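The structure under discussion appears below in the form of structure tokens.
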Amino acid sequence: MELKNLFSPMNIGSCVIPNRTVVPAMVANMCPDNGKASEQYIRYHEEKAKGGWGLIITEDYRINPNAGGYPHIGGLWSEEQIPSHKKLTDTIHQYDSKIFCQIYHAGRQATHHVNGGVQPVSCSPIPDPWNKEIPHELTVDEIHGLVRDFGVTAGNAKKAGFDGIEIHAAHGYLIHEFLSANCNHRIDEYGGTYINRVRFLKEIMAACREAVGADFPIMVRVSAEENSEGGRKFHETRQILLDLQEWGADAIHLSNGMYGVVSSLGIVASHYQHHGWNQDFAAEAKKFLDIPVVTVGRISEPFMAEDIIASGKADFIAMGRESLTDPHWPEKAREGRHNDIRHCIGCLQGCTASTYQGVPLYCAVNPELGHEFEYDYSPAAQPKLVYIAGAGVAGMEAARAAAIKGHTVELFEASGTVGGQFVSAAYPPYKGDYAGYTAWLYREIKKYDNIHLHLNTPLTAEMAIAAKPDKVIAATGAKPIVPKVPGIDGDNVVIAEDALLGKKDCGMRVLVAGGGMIGTETAAYLAMQCKAEVAVIEMREDIALDMETGMRDDMRHLLSRLFVKIMCNTSIAGVTNEGALIKQGGKIQLYPCDTVVIAIGTRADNALAEELKAAGLDVTVVGDAIKARQITQASREGFVAGLNV
């Protein structure tokens, strides 16, 4: 299939967008100086412009100092902020990309910790499900003041050189709250009926249009449905979209959801949601709108994006996390280098987690994200010999980075394949995309003539000492923790990773010891793929506590659908031929089962590193060999170690 539609130009208002690929707004948290654009922030966006994205939409800019939901997001409420953002737009305009400024007020989806110490505000005093602070109910005069703030910010965005603005009326932020009968319980002119609930947005549209003039593009982002209990459905959203067109919107950006719902229905859908999940809403909107419609939602493959445009379901394709994992996605797609594209796996470990943590945006599978302003990729003045122990994620990222710098890399892997423990991460339900990252890394290291991969060859201390490499990177990972209880060495005991990889038939009755992410995902896999009767025991009071909150809820729902039995405050006390001995409330009892799967956790395997350090070699330890953690740390530490050899 040719990508002739995806890479054709189209107007949004008076602005010609060179192709149909869009970077939607994502919280970057890179503007710590009172909303001014930092060098990190500018370089982060510039990398996307280099990569050929047609339209870049910045993160939600605050309309006043207290309007933010995150500590270090941009702002344009003051003319003092304009020069730094003018530097951003000037930088982007060196390329073919266009750039819009998204403007917003977080409303109740904020806390006093991040918005200047003041109480969050909303249309009604209903707390946000996540932040849980009861908001101040805005007075009519305060509402009028916020309308003016939106107009001022829109005007400043134009002065800063942006090609257009996007008004954020989605995702449960303040405008969305006014629109929603689930959030808005006012009985004055801003609530009670549809015409009153949309009044705030209508007035904001008018204020922004007056500030920017008739020929400056205004796009509006709207959630097609709220996906909350009693929330708005598309029937009412349809009328909102028709009204926005009548009020002068130049395009609609049709997203979905709001914060506080499960990850599969959230605005940043996890791997629990299918690809392209919003496109049918866009297709419906296209039937009655005369202005362009942007769709978004786990769209990653070039041919999928092309088909959406070619079939008339949408005019533009927004791919937020794809632009994080691979800022050069459009360039690679246009050139037909589809296998060179690094795809998002839907893990939420960086793109969403960074917002909770109040730190700059990062990505589990792209360790370069957010560091565009500081990394030096120029060849090393003196190429070195680098030995790497372990070809998991950390080891392959280290090899890739070292090869970029021109070093000679000898990559040793004890097993017959690359990927380490991350190979089994793709086996649980909904996680098939995880294999894509391992496959991409493998293709990357095979591109370099200066990377020599040695499978079935564990690096030993004797080998390294004899070769005397300039650098050794120990990416030896972690080993499973096996509890020291009677019978644990029996034939009816298997490690979770081996169960996932099909190294042993677990039978029809399985007990999984350990209710963290690995244990619950293994239980779901066995219950779904093997149709086994599965139970999970967990020492703590709840399961999957090491998962993101929304994803934990999705996991609970999945286990419930698969009839997996959950027993918390329960530990493994032993194993017999009849099953597991479990300890509950101080009492030990037999739980009959065919197999006991151990998923209690892992412990760093760094014996080789200690031996090599003692021998005087220059050693850097990365990933789980330091401490068992997540893929985010493995990819980042490996890449940094390789780049800084």
Side-chain angles (χ1 to χ4, degrees), residues 11-18 22-68 70-105 148-168 204 207-221 250-251 253 323 327 360-361 370-374:
N11 278 43
I12 294 180
S14 59
C15 182
V16 180
I17 311 300
V22 176
V23 177
M26 291 172 286
V27 175
N29 266 327
M30 296 178 185
C31 300
D33 184 12
N34 200 35
K36 296 176 182 176
S38 66
E39 187 64 25
Q40 179 185 24
Y41 185 70
I42 293 170
R43 290 291 302 278
Y44 156 73
H45 284 100
E46 182 184 13
E47 195 65 29
K48 300 178 192 302
K50 289 179 181 178
W53 294 88
L55 173 61
I56 298 169
I57 306 172
T58 64
E59 68 180 18
D60 27 21
Y61 278 36
R62 292 169 283 170
I63 61 164
N64 65 47
N66 308 122
Y70 311 96
H72 304 308
I73 59 175
L76 273 172
W77 66 83
S78 167
E79 293 202 357
E80 293 180 359
Q81 297 162 319
I82 292 175
S84 66
H85 295 284
K86 183 65 165 61
K87 183 178 179 182
L88 166 65
T89 59
D90 286 345
T91 300
I92 300 304
H93 289 149
Q94 295 178 65
Y95 309 92
D96 291 335
S97 301
K98 303 297 183 183
I99 183 167
F100 281 16
C101 176
Q102 187 189 77
I103 61 177
Y104 96 132
H105 192 299
R148 289 192 294 271
D149 289 345
F150 269 98
V152 169
T153 303
N156 288 341
K158 183 177 182 180
K159 293 175 185 176
F162 285 95
D163 299 298
I165 62 168
E166 178 177 85
I167 297 172
H168 200 345
I204 288 170
C208 290
R209 180 57 73 196
E210 182 178 358
V212 300
D215 294 331
F216 193 74
I218 297 179
M219 181 159 61
V220 185
R221 196 171 204 192
D250 294 296
H253 189 170
S323 77
L361 188 64
H371 300 276
E372 297 86 355
F373 72 114
E374 62 183 2

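Below, each value reflects all heavy atoms present in this structure, side chains not excepted, and no hydrogens, waters or symmetry copies. In this text the structure is predicted, and so the values were computed from the model without any measurement.
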(message) Using side-chain heavy atoms (C-beta onward) and a distance below 4.5 Å, is Glu46 in contact with Glu372?
(response) no
(message) Using a 3.5 Å distance criterion without hydrogens, assess whether the side chain of Thr89 forms a donor-acceptor pair with backbone atoms of Ala160.
(response) yes
(request) Report yes if the side chains of Pro71 and Asn29 come closer than 4.5 Å at any heavy-atom pair, otherwise no. (result) yes
(message) Quick check: do Val27 and Asp60 have side-chain heavy atoms less than 4.5 Å from each other?
(response) yes
(message) Quick check: do Asp149 and Trp77 have side-chain heavy atoms less than 4.5 Å from each other?
(response) no
(request) Would you mind reporting whether Leu76 and Lys159 have side-chain heavy atoms less than 4.5 Å apart? (result) no
(message) Quick check: closest heavy atoms across Val212 and Ala154, and the distance to 0.1 Å?
(response) CG1-O, 3.5 Å
(message) Any salt bridge linking Glu39 with Lys87? Criterion: basic side-chain nitrogen under 4.0 Å from a carboxylate oxygen.
(response) yes
(message) Please give me the minimum heavy-atom distance between Ala211 and Gly151, naming the atom from each residue.
(response) CB-O, 3.1 Å
(request) Determine yes or no for a side-chain-to-main-chain donor-acceptor pair under 3.5 angstrom, with His85 supplying the side chain and Gly35 the backbone. (result) yes
(message) Under a 3.5 Å distance rule, please check whether Trp53 uses its side chain to pair with a backbone N or O of Pro327 as donor and acceptor.
(response) yes
(request) To the nearest 0.5 angstrom, please state how far the CD1 atom of Ile103 sits from the OG1 atom of Thr153. (result) 6.0 Å
(request) First locate atom NE2 of His168, then atom CD1 of Ile63, and finally report the distance between them rounded to the nearest 0.5 Å. (result) 13.0 Å
(message) So for atom CG, which belongs to Asn34, do other residues, nucleotides or ligands contribute more than 12 heavy atoms lying within a distance under 6.0 Å?
(response) yes
(request) Could you pull out the closest heavy-atom pair between Ser38 and Cys31, with the gap in Å? (result) N-SG, 4.4 Å
(request) Kindly determine whether Thr58 and Tyr41 satisfy side-chain contact (heavy atoms from CB on, under 4.5 Å), including the steps that lead there. (result) CA-CA 10 Å; Thr58 64; Tyr41 185 70; 3.5 Å; yes
(message) With heavy-atom distances below 4.5 Å as the criterion, would you say the side chains of Phe100 and Cys15 are in contact?
(response) yes
(request) Go through the steps for Val23 and Ser97 under the test side-chain contact (heavy atoms from CB on, under 4.5 Å), then give the verdict. (result) CA-CA 10 Å; Val23 177; Ser97 301; over 6 Å; no
(request) Determine yes or no for a side-chain-to-main-chain donor-acceptor pair under 3.5 angstrom, with Lys48 supplying the side chain and Ile56 the backbone. (result) no
(request) Start with the C-alpha distance between Ser323 and Met26, add both sets of side-chain angles, then the distance that settles side-chain contact (heavy atoms from CB on, under 4.5 Å), and finish with yes or no. (result) CA-CA 10 Å; Ser323 77; Met26 291 172 286; 3.4 Å; yes
(request) Could you walk me through whether Lys98 and Ile12 pass the side-chain contact (heavy atoms from CB on, under 4.5 Å) test, one step at a time? (result) CA-CA 11 Å; Lys98 303 297 183 183; Ile12 294 180; over 6 Å; no
(request) Specify the closest pair of heavy atoms between Gln40 and Pro360, including all atoms of both residues, with the distance to one decimal. (result) NE2-CB, 3.8 Å
(message) What I'd like to find out is whether the side chain of Glu59 reaches to under 4.5 Å of the side chain of Leu361, using heavy atoms alone.
(response) no
(request) Answer whether the closest heavy-atom distance between the side chains of Ile99 and His93 falls below 4.5 Å. (result) yes
(message) Side chains of Glu166 and Tyr104: any donor to acceptor distance under 3.5 Å?
(response) no
(request) Would you name the heavy atoms of Ala67 and His105 that are closest together and state the gap between them? (result) CB-CD2, 3.4 Å
(request) Assign the ring pair Phe373 / His371 to parallel, tilted or perpendicular, where the plane angle (0 to 90°) is split at 30° and 60°. (result) parallel
(message) Could you report the tightest heavy-atom contact between Ala37 and Ser84, atom names first, then the distance?
(response) N-OG, 2.9 Å
(request) Calculate, to the nearest 0.5 Å, the distance between atoms CZ and CD1 belonging to Arg148 and Ile204 respectively. (result) 12.5 Å
(request) Kindly indicate, with the supporting measurements, whether the criterion salt bridge (charged side-chain N to carboxylate O under 4.0 Å, His left out) is fulfilled by Arg209 and Asp250. (result) CA-CA 11 Å; Arg209 180 57 73 196; Asp250 294 296; 3.0 Å; yes
